[in-house]
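In what follows, chains are A, B, ... by sequence order, proteins preceding strands, each numbered from 1.
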2 protein chains.
Amino acid sequence: MSEEEKNKLLAFAARLYYMEGFSQGEVARVLSVSQAKVSRLLKQARAKGIVRIQVEDFQPYDGELEEKLEKAFSLKKAVVLRVPPASSAEAARRSMGFLSAPKVMELLKGVKTLGITGGRSLMETIRFLPSQGWEPGLQVVQLMGNVGAVALESDALELGRMIARKGGGTFFSLNTPAFLADGDTRNALFRHEQVKSVRNLFKSLDAALVGIGTLEDSLFIYQEALKPAQIRTLLAKGAVGEICGRFFGPKGKECPSPYKDQVVSIRLEELVKVPLVIGITMGRDRAPAVAAALRGGLVKALVIDAEGAEGLLEYVSQEPKTKAAEKSRGKGGRA
Amino acid sequence: MSEEEKNKLLAFAARLYYMEGFSQGEVARVLSVSQAKVSRLLKQARAKGIVRIQVEDFQPYDGELEEKLEKAFSLKKAVVLRVPPASSAEAARRSMGFLSAPKVMELLKGVKTLGITGGRSLMETIRFLPSQGWEPGLQVVQLMGNVGAVALESDALELGRMIARKGGGTFFSLNTPAFLADGDTRNALFRHEQVKSVRNLFKSLDAALVGIGTLEDSLFIYQEALKPAQIRTLLAKGAVGEICGRFFGPKGKECPSPYKDQVVSIRLEELVKVPLVIGITMGRDRAPAVAAALRGGLVKALVIDAEGAEGLLEYVSQEPKTKAAEKSRGKGGRA
DNA sequence: TTCTATTCTGAATAAATATTCTCGAGTTCA
DNA sequence: TGAACTCGAGAATATTTATTCAGAATAGAA
C-alpha cells in the first residue's frame, strides 16, 4: 500500500472516529479489521498530523505579574500561577502544586544541598516533582523540627523524605520537636551529635524550600503547638508572619519573643545567607507576611498564585505609610 | 463559578488530557475531582470548542467522475466512491457498502415499492442502510429466484428480508429457484398464485436495487447454477453481463439463449420500465457489463467505486469501434 | 533455497473512559 | 416549614480503548 493510500485509510478511519462519533469497534467493522488495528491506525493518524487536536490555550503563568513582583522586591525569580478554579482550598493547592512543580524544578537545577520545611502548599508542589533531573548526591536537610505530636504528611520530615526519595538523595532529619518547653532543653538537644551535624548543614545550603505562615492560619495553630494566648503575644510584638517556626515583623526581622529560644530550626539570619530560598505560598490574605519575608530577604524566589500576587502588590502599594507604620507603632518598632 | 473561570478550568483539563497525555484519572488527581467529572469536563470542552479536533478531509465522493458518468450515460444519478484501501475485495466491498448507504438512502426517498436482487456488493450496502427514514408501508419485492441450493446471505431472499425489516415494510418473496430445468416447469410455477402475485408487483415498482454480474465472476458460477459449457455458449451468443439472472449483450438487450425461458426473474423489458433502477457494482473488470447495462437503460442510477468508474470511462472511450463491434460480429449482432 | 529477523495481525486482556445510579445540597413554591 | 424539584457530585458499573502476547506473513541474509 502506497504512502498516499495509507493516509487515505488513516483519514477515513479518523473521520469516522473523530467526526462521526463511531466507536473503534464500529470503525473496525466498516474496515473489516480488528478493533486493535483501528486503535493503532488512529494513533498513527494523530502522529502523522492527519488528526490535529487543538486546545484553546491556557497560559498558566502570568509573566506580567511575575515581572512586577521581581521588580518590586528585587527577587531572583517570581512564579505567578493562574490556578484553575477549584471547589476547595485543598483542591486549589493541588492544582498549584502541579503547575509549580516544573518551575521549582528549574530553580533547583544544580542544587546539591537543599533545605526543606513543612507546609501544605509545599507538600503539593513536592508531590508533583519528578524523579528525574536531580543533582547526583543530593542532600535534603530538614530545616525545622516537627510541629506537634500528630505526624502530618505535610511535615518537614515527610516532605524531606519524599524529596530525597525522588531525587535519589540523602535525607538529613532533625528528629526533634519544633518547639521545646524551654531554652535549656533546646540547648541540650543542640549538643546532641545528630542535631549538631544537621544544623551544621544549614550553613552550606544551596537552596531551601519554605512555606510562609501567617499568625492567623498556620500549622502551629492547627497543630496546637501555640496557644491562642501565645499568638496574641506574638501579634502584640509585631509579628506578621512565620517561616520555619520563627516569627518576624513587617521588615522580615525575627521578633524577640520568649519562644525564639525554644525553637529548633534554622535561624532567620542563617536563612538570609542561603543563596536561594524559594517561598511557596497561596492566597490574598498572606500579603503582609509575604511582603515582610521578601523585604527581609528571607525569601529570594517566590511561587504564588495570581490572586495572591495581586493581593501582595495591592498591599504594598498602600501599606508603607499605613499598615506597616501602624503595626510598628503598635508594638515598638524594629522586630 | 463564572463562565470565564469555567472555561479556564476546561482548558486546563483539556490541555492536560490532550496535550500532555495525562489520563483522566491523572487529571482528576490534579484537580481533586472524580474521573467521572473529568470525563464530563472534557466532553464540555469539546462541545464548547475549547478543544478542536480536525481530521484531514477525506472526500469519499468523486464529484468529477460522477458528472462524467452521468453525462456519458444520461444517468439519473451516479455515485462514485473513493473506497479506502483494503486488504481484500471483501473488505473493500464492506467499505463501499458503508459509503454508499447514505447515498442509496437518498435515492430511495419516497420509494414505496422496491425490487431487490442478490449480490455481494448489494449486500454490503444494504447492511449499512439505516432503520429510519423509510416510506411507511414499504413493499420489498424479490426480483429473482434463489440461485443454487446453498442459501447465501447475499441472496435476493436474504437481502429482501433485511431491507424489509429495516424499513418496517413487507417482503414479497418469490420462493422459487432462479433457474429451472426447462421452460415448462417454469411456466407451471408461474401459474402458482404466490409467484403470480409477486410477478404482478414487478409492474408497479418505484425502484429496484440490482447488482451487475459478468460472465466471468458471478454468483451463478460460484453457486454452480451454470456450468462452464453453458457460460461458453452464452459468451458465444454475445453476452457480456447479467442482471437478475438474465444475460445481455453489449447494447443491454437480453441474449436469446435457451436459459432465457428457464429463469424466474423480472424480464429486462420490465426492468427498463422501472422508474429508478439503482445498479451497485465495483471494480474495473466490470466495465463491459456495466457499460452495456447503462446503454440498455437497465440501470438508471449507478453506484460504483472510483477505480471502476475510471475503468468504465476508459472502456467506453476506446470501445465503440473495437470491442463492441468485435463482440457483435462474434456472435451475430443485436442481443 | 532455508534460516533468521522483522513486521503485522487479531485474540485476549488490562486499562481507561463514559454512563448510570443514587445521594445530598441547594431552590422554589405551596 | 417542608414538599417537590433541580442540580451536581462521586461510586459503581458498563463500555470502550490500548496493550500484551503469540502466531502468521514477509523480507532479508546466508
Exercise for the section: Check whether NZ of the Lys or CZ of the Arg B:K8 lies under 6.0 Å from the centre of the six-membered ring of A:F58 and within 45 degrees of that ring's axis. Expected result: no
Completion exercise
The salt bridge (Lys or Arg N to Asp or Glu O under 4.0 Å) partner of A:R82 among A:D305, A:D62, A:D57 is A:D62
Handout entry: Side chains of A:Y18 and A:R46, donor plus acceptor under 3.5 Å
Key = yes
Completion exercise
Residues in residues 24-35 of chain B with a heavy atom under 4.0 Å of DNA chain D, by number, are B:V33, B:S34
Practice task
Using heavy atoms and a sub-4.0 Å distance, could you list which residues of residues 36-53 of chain B are near DNA chain D? By number, please.
Solution key: B:A36, B:K37, B:R40
Exercise for the section: Determine, stepwise, if the pair B:E307 / B:R286 fulfils salt bridge (charged side-chain N to carboxylate O under 4.0 Å, His left out). Expected result: CA-CA 11 Å; B:E307 274 281 297; B:R286 303 251 157 155; over 6 Å; no
Handout entry: Residue that, paired with A:I280, satisfies side chain to side chain contact (heavy atoms under 4.5 Å, CB included) out of A:T125, A:T117, A:V79
Key = A:T125
Fill in the blank from the handout: Between B:L41 and the options B:V27, B:I50, B:L31, the side chain to side chain contact (heavy atoms under 4.5 Å, CB included) test singles out B:L31
Practice task
Shoot me the first and last contacting nucleotide of DNA chain D against chain B, ordered 5' to 3', at under 4.0 angstrom to non-hydrogen atoms.
Solution key: D:dA9 to D:dA11
Handout entry: Residue pairs, two or more places apart or on separate chains, that pass salt bridge (Lys or Arg N to Asp or Glu O under 4.0 Å) and touch residues 14-42 of chain A
Key = none
Handout entry: Pairs touching residues 154-164 of chain A that satisfy salt bridge (Lys or Arg N to Asp or Glu O under 4.0 Å), sequence neighbours left out
Key = A:E158-A:R161
Exercise for the section: Indicate, with a heavy-atom threshold strictly under 4.0 Å, whether B:F22 touches base, sugar-phosphate, or nothing. Expected result: nothing
Practice task
Anything under 4.0 Å to a heavy atom of chain A counts; send over the first and last such nucleotide of DNA chain C, read 5' to 3'.
Solution key: C:dT9 to C:dA11
Practice task
Could you tell me the separation between the CE atom of B:M282 and the CZ atom of B:R120, rounded to the nearest 0.5 Å?
Solution key: 11.0 Å
Problem - Rounded distance [0.5 Å steps], CD in A:E242 versus CD1 in A:I212 - result: 9.5 Å
Exercise for the section: For B:F128 and B:G97, work out which heavy atoms get closest and say how close. Expected result: CD1-C, 3.6 Å
Exercise for the section: Report the C-alpha separation of A:F22 and B:F98 in whole Å, then their side-chain angles, then the decisive distance to 0.1 Å, and conclude whether the ring pair (Phe, Tyr, Trp, His ring centres under 6.0 Å) test is met. Expected result: CA-CA 12 Å; A:F22 281 44; B:F98 171 79; 5.5 Å; yes
